[in-house]
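Order of the sequence lines fixes the chain letters, A, B, ..., with proteins taken first and strands second; residue numbering starts at 1 for each chain.
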Amino acid sequence: MPEMLEVETYRRLAEAALHRTIVEVDAPDPWFLKGGATADVVVGAVLGRRFVEARRRGKLLLLDLADGPTLGIRFGMTGVLEVDGAPGEELVYSSRRRDPAWVRFGVGFSDGGALVVRDARRLGGVELEPDEERLGVDAAAVSRRQLSDLLVGSRAPLKARLMDQDRMAGLGNLLTDELLWRAGIDPARPAGELSPTEVRRLHANLVRTLAVLGERGGSHTGDLQASRERGGRCPKDGAELLRRTIGGRTTYSCPLHQR
DNA sequence: ATTGTGGCCTGCCCGC
DNA sequence: TGCGGGCAGGCCACAA
């Protein structure tokens, strides 16, 4: 999906949709409704109300309805948010096409505008009252101590642990590869085996990576990104990058400086 | 409980 | 041009 940086962009975009009365709900795809919701239930919850707050936790966008439930939106890998026809982000792995069939959910406002979710692959979804607390602390707000605590005692690969949304929410495949490449730590290392020095380095690089890539415009703007392909070379030292599957995801790392 | 695997669903790109 | 295979920034259910 869009990782947390993209969802944060969506969140800011969604602020333009606040305080506008919803007069129309488009939920054409039952598959896209999660948590047992049906089109009727969503219509009943949303119609006639207004969004009053746009929040984010990890990759989950939360839109609070006045005197109503919270609408949660997940974007899967290819979901895009649009408000009044303007897309929030161009996703690297998502088509630039705007096929009307890809609209999986939308609400129309009394002033004629609309908030729309497009998702070609249908891996995202919309849910009423999502369980926010199941998600771990947002990666943009994690303290060094919290980071240390969520790694300690784990023998899962570091990368898998960092992407475990129940422990820390927000990091996806690209951000995690970039982060570990910057921090100079092997993604396959057991999470609990990092030294205090390495945890400190990891945290500093997390803060910096989110800041820099956020500034540049998204998860795909990392220094490693251009080399994330078969045969790609490390931008730091020129070594051929390792391509492995870690935590179920394609992982690129430098065999020289990531130890 | 933790960790690993497969599957979901669809579009695109590459090579033949 | 057509077709099959592989791949994709996420998440969930399930198995060991």
If you check every side-chain atom of [X], which of [options] has the closest atom?
{"X": "A:W102", "options": "C:dC11, C:dA8, B:dG11", "value": "B:dG11"}
{"X": "A:R155", "options": "B:dT3, C:dC7, B:dC9", "value": "B:dT3"}
{"X": "A:L123", "options": "B:dC9, C:dC7, B:dG4", "value": "B:dC9"}
{"X": "A:R74", "options": "C:dC12, B:dG11, C:dC7", "value": "C:dC12"}
{"X": "A:T250", "options": "B:dT2, C:dA8, C:dC11", "value": "C:dA8"}
{"X": "A:R121", "options": "C:dA8, B:dT3, C:dC12", "value": "C:dA8"}
{"X": "A:R122", "options": "C:dC11, C:dA8, B:dT10", "value": "B:dT10"}

What is the distance from [atom1] of [X] to [atom2] of [N], rounded to the nearest Å?
{"X": "A:L174", "N": "C:dA8", "atom1": "CG", "atom2": "P", "value": "10 Å"}
{"X": "A:R161", "N": "B:dG4", "atom1": "CZ", "atom2": "C1'", "value": "14 Å"}
{"X": "A:E127", "N": "C:dC12", "atom1": "CD", "atom2": "C1'", "value": "12 Å"}
{"X": "A:D119", "N": "B:dC9", "atom1": "CG", "atom2": "P", "value": "13 Å"}
{"X": "A:M163", "N": "C:dC12", "atom1": "CE", "atom2": "P", "value": "14 Å"}
{"X": "A:D164", "N": "C:dA13", "atom1": "CG", "atom2": "P", "value": "14 Å"}
{"X": "A:L61", "N": "C:dC11", "atom1": "CG", "atom2": "P", "value": "13 Å"}
{"X": "A:N173", "N": "C:dC7", "atom1": "CG", "atom2": "P", "value": "14 Å"}

| Worked check of side-chain contact (heavy atoms from CB on, under 4.5 Å) between A:F32 and A:L123 | CA-CA 8 Å; A:F32 210 70; A:L123 289 170; over 6 Å; no
| message | Both A:Y252 and A:Q165 contact DNA chain C. Taking the nearest nucleotide for each, which residue is further toward the 5' end? | response | A:Y252
| Would you say A:Q165's side chain and A:M163's backbone share a donor-acceptor pair under 3.5 angstrom? | yes
| query | Using atom P of each nucleotide, how far apart are B:dA1 and C:dC11 to the nearest Å? | reply | 22 Å
| Distance between the P atoms of C:dC12 and B:dG11, in whole angstroms? | 23 Å
Describe the nucleic acid contact of [X] in one word from base, sugar-phosphate, nothing, applying a heavy-atom distance below 4.0 Å.
{"X": "A:R104", "answer": "nothing"}
{"X": "A:R249", "answer": "base"}
{"X": "A:G172", "answer": "sugar-phosphate"}

| message | By the definition salt bridge (Lys or Arg N to Asp or Glu O under 4.0 Å), identify the one residue from A:E133, A:E8, A:E132 that meets it with A:R57. | response | A:E133
| message | So, does A:S154 get its side chain near the phosphate of B:dT3, meaning an N or O under 4.0 Å from OP1 or OP2? | response | yes
| query | So, is A:K59 close to the C:dC11 phosphate, meaning a side-chain N or O under 4.0 Å from OP1 or OP2? | reply | yes
Taking N or O atoms only and anything under 3.5 Å, show me the protein contacts with nucleotides 13-16 of chain B, one pair per line.
none

| task | Show your reasoning for whether side-chain contact (heavy atoms from CB on, under 4.5 Å) applies to A:L33 and A:E127. | result | CA-CA 6 Å; A:L33 302 178; A:E127 184 178 4; over 6 Å; no
| message | Checking A:I22 against A:R50 for the side-chain contact (heavy atoms from CB on, under 4.5 Å) test, could you report, in this order, the C-alpha distance in whole Å, the side-chain angles of both residues, the deciding distance, and whether it holds? | response | CA-CA 6 Å; A:I22 297 163; A:R50 297 169 304 145; 6.0 Å; no
| field | Heavy-atom closest pair, residues A:L241 and A:S227 | value | CD1-O, 3.4 Å
| query | Does the side chain of A:E6 pick up a donor-acceptor pair with the side chain of A:T9 at under 3.5 Å? | reply | no
| Start at the 5' end of DNA chain B and walk down; is the nucleotide closest to A:P157 or to A:W31 reached first? | A:P157
| message | Apply salt bridge (Lys or Arg N to Asp or Glu O under 4.0 Å) to residues A:R20 and A:D111 and explain how you reach the verdict. | response | CA-CA 8 Å; A:R20 298 163 68 180; A:D111 56 23; 2.8 Å; yes
| request: Quick one: look up who C:dG2 pairs with, Watson-Crick or G-U, both distances under 3.5 Å, and put none if it's unpaired. | output: B:dC16
| said: Using the side-chain hydrogen bond (donor to acceptor under 3.5 Å, both in side chains) definition, which of the options A:T251, A:T250, A:D177 pairs with A:R228? | reply: A:D177
